[in-house]
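Below is one structure, written out as structure tokens, with a few remarks after it.
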2 protein chains.
Amino acid sequence: MDSERPDLGAMVMRLGRRLIAMEEPILERHGVSMWAYVVLTALSGSEGPTRTQAALAQSIGADKTRLIPILDDLQKRGLIEREPDPADRRARLLALTEEGKEKQRAIQKEIRTAENDLLAGNKEKDAFVRALRDLSR
Amino acid sequence: MDSERPDLGAMVMRLGRRLIAMEEPILERHGVSMWAYVVLTALSGSEGPTRTQAALAQSIGADKTRLIPILDDLQKRGLIEREPDPADRRARLLALTEEGKEKQRAIQKEIRTAENDLLAGNKEKDAFVRALRDLSR
DNA sequence: TATTGTTATACTCTATAACTATA
DNA sequence: TATAGTTATAGAGTATAACAATA
């Protein structure tokens, strides 16, 4: 019975596409790109405003150069603060503004609702999420 | 507790990257790209050699134009047959050769082994795979 | 000299549009 | 005219390399 299923990779990628398609209209309504949302979420997770752009890039699996235009935009729109670290002025301290925190929470709330709708019909959803959490670490 | 986990999409994409990284050396050893393997697997699944390239493209979530160089290569290497449908000579009938079938089986076997290693430590792996199968459909 | 962030450039992947051959 | 496949082209996304500022 094991051989009679698609490869894990194929199924995961399929589900990934489905989730992205689900999230896209939500993100668009809020005027942020996928990566911008990933950045907002990463910054909302860390306690304390400390962080360097290179570390942030690595933590979300992106290249540091890809981050720059995203950060530029988020800063211009007042969703993040980016100022030189007084202790080492090469680095930039990144932090969400109040507005940024609110935006992140609002988007995440909608995404969670959509996720729950997707999971709703599945009896093993709790085990699925637990295992996924473990396997994606 | 539900709010204290990453978004589903983030976890799924992370796992996807991990699986791809896992599969890459296997595929490279066999000299096929990811998409080429997807094509071989799609063709191995269908009973009967019938199929059109556009249908194949759609079934694997790719553009028909992206398929062409992949099919060219697979054909040149004797892994697939591609001949005009006598009933409608615009269409191409696609089928794996014996060698193509063997290659697909050999690669899939290695990938399944690697997948099982990845899943091995997780107690809820069976529920995970069942749910994933359902959710990715 | 090494490191952070930035800019400029090149490369890969993917999609769009135009073409051919059949129907 | 419509459709399957192909080719050529353009666009998005991503990575590499060079640069400026600071250490």
Side-chain angles (χ1 to χ4, degrees), chain A residues 9-10 13-14 16-21 23-24 27-28 31-39 42-43 46 49-76 80-95, chain B residues 9-10 13-14 16-21 23-24 27-28 31-39 42-43 46 49-76 80-95:
Chain A
M13 293 312 276
R14 237 171 224 286
R17 279 201 288 248
R18 192 174 168 189
L19 287 165
I20 286 175
E23 292 178 12
E24 244 160 20
L27 293 168
E28 191 172 9
V32 300
S33 69
M34 184 89 59
W35 281 112
Y37 172 65
V38 170
V39 166
L43 291 177
S46 70
T50 353
R51 217 125 187 213
T52 122
Q53 291 182 193
L56 174 61
Q58 194 186 8
S59 79
I60 64 176
D63 193 276
K64 62 173 181 169
T65 61
R66 268 162 63 195
L67 226 53
I68 312 256
I70 298 164
L71 294 175
D72 287 347
D73 179 61
L74 289 174
Q75 185 179 25
K76 197 171 57 189
I80 65 167
E81 278 169 356
R82 176 163 58 156
E83 48 183 32
D85 183 345
D88 180 348
R89 304 226 318 283
R90 292 174 304 184
R92 305 277 175 275
L93 294 177
L94 301 171
Chain B
M13 294 312 275
R14 237 172 225 287
R17 277 201 289 249
R18 192 174 168 191
L19 286 166
I20 287 176
E23 292 178 12
E24 244 161 21
L27 293 168
E28 192 173 8
V32 300
S33 69
M34 183 88 61
W35 281 111
Y37 171 65
V38 171
V39 166
L43 290 177
S46 69
T50 354
R51 219 134 186 203
T52 120
Q53 292 182 192
L56 174 61
Q58 193 186 7
S59 79
I60 64 176
D63 194 275
K64 63 172 180 169
T65 61
R66 268 162 64 195
L67 225 55
I68 313 258
I70 298 164
L71 294 175
D72 287 347
D73 180 62
L74 290 174
Q75 185 179 26
K76 196 170 58 188
I80 66 166
E81 279 171 353
R82 178 161 58 154
E83 49 182 32
D85 184 344
D88 180 348
R89 305 228 316 285
R90 292 174 303 184
R92 305 276 175 272
L93 295 177
L94 300 171

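Because only heavy atoms are used, hydrogens play no part in the values below, and waters and symmetry mates are left out as well, while side chains stay in. Within every chain, numbering begins at 1; the chains are lettered A, B, ... in the order of the sequence lines, protein sequences first and strands thereafter.
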Worksheet item: Could you go step by step and tell me if Val38(A) and Ile70(A) meet the side chain to side chain contact (heavy atoms under 4.5 Å, CB included) rule?
Response: CA-CA 10 Å; Val38(A) 170; Ile70(A) 298 164; over 6 Å; no
Worksheet item: How far apart are the closest heavy atoms of Leu27(B) and Tyr37(B), and which atoms are they?
Response: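 The answer is CD2-CB, 3.6 Å.
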Discussion item. Below the 4.0 Å mark, does dT14(D) have OP1 or OP2 next to a side-chain nitrogen or oxygen of Trp35(A)?
Written reply: yes
Practice prompt. Sort and list the pairs that fulfil side chain to side chain donor-acceptor pair (under 3.5 Å) and have at least one residue in residues 54-64 of chain A, not counting sequence neighbours.
Written response: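 Passing the test, one end in residues 54-64 of chain A: Asp63(A)-Thr65(A).
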Under the side-chain contact (heavy atoms from CB on, under 4.5 Å) test, which residues partner [X], sequence neighbours left out?
X: Ala91(A); value: Asp85(A)
X: Arg82(A); value: Gln53(A), Leu71(A), Asp72(A), Gln75(A), Arg92(A), Leu94(A)
X: Ile20(B); value: Met13(A), Glu24(B), Met34(B)

Atom-to-atom span, [atom1] of [X] to [atom2] of [N] - whole angstrom:
X: Met34(A); N: dT14(D); atom1: CE; atom2: P; answer: 10 Å
X: Asp63(B); N: dA12(D); atom1: CG; atom2: C1'; answer: 14 Å
X: Arg17(B); N: dT14(D); atom1: CZ; atom2: P; answer: 10 Å
X: Arg92(B); N: dT3(D); atom1: CZ; atom2: P; answer: 17 Å
X: Ile68(B); N: dT6(D); atom1: CD1; atom2: C1'; answer: 5 Å

Worksheet item: 5' to 3' on DNA chain C, which nucleotides open and close the contacts with chain B (atom under 4.0 Å from a heavy atom)?
Response: dT14(C) to dA23(C)
Below 3.5 Å between N/O atoms, which protein atoms pair up with nucleotides 17-23 of chain D? Just atom names and distances, please.
residue : atom : partner  : partner atom : Å
dA23(D) : OP1  : Arg89(A) : N            : 3.0

Fill in: Spacing of CG belonging to Leu74(A) relative to CD1 belonging to Ile80(A), to within rounding of 0.5 Å
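Going from CG on Leu74(A) over to CD1 on Ile80(A), the span is 5.0 Å.
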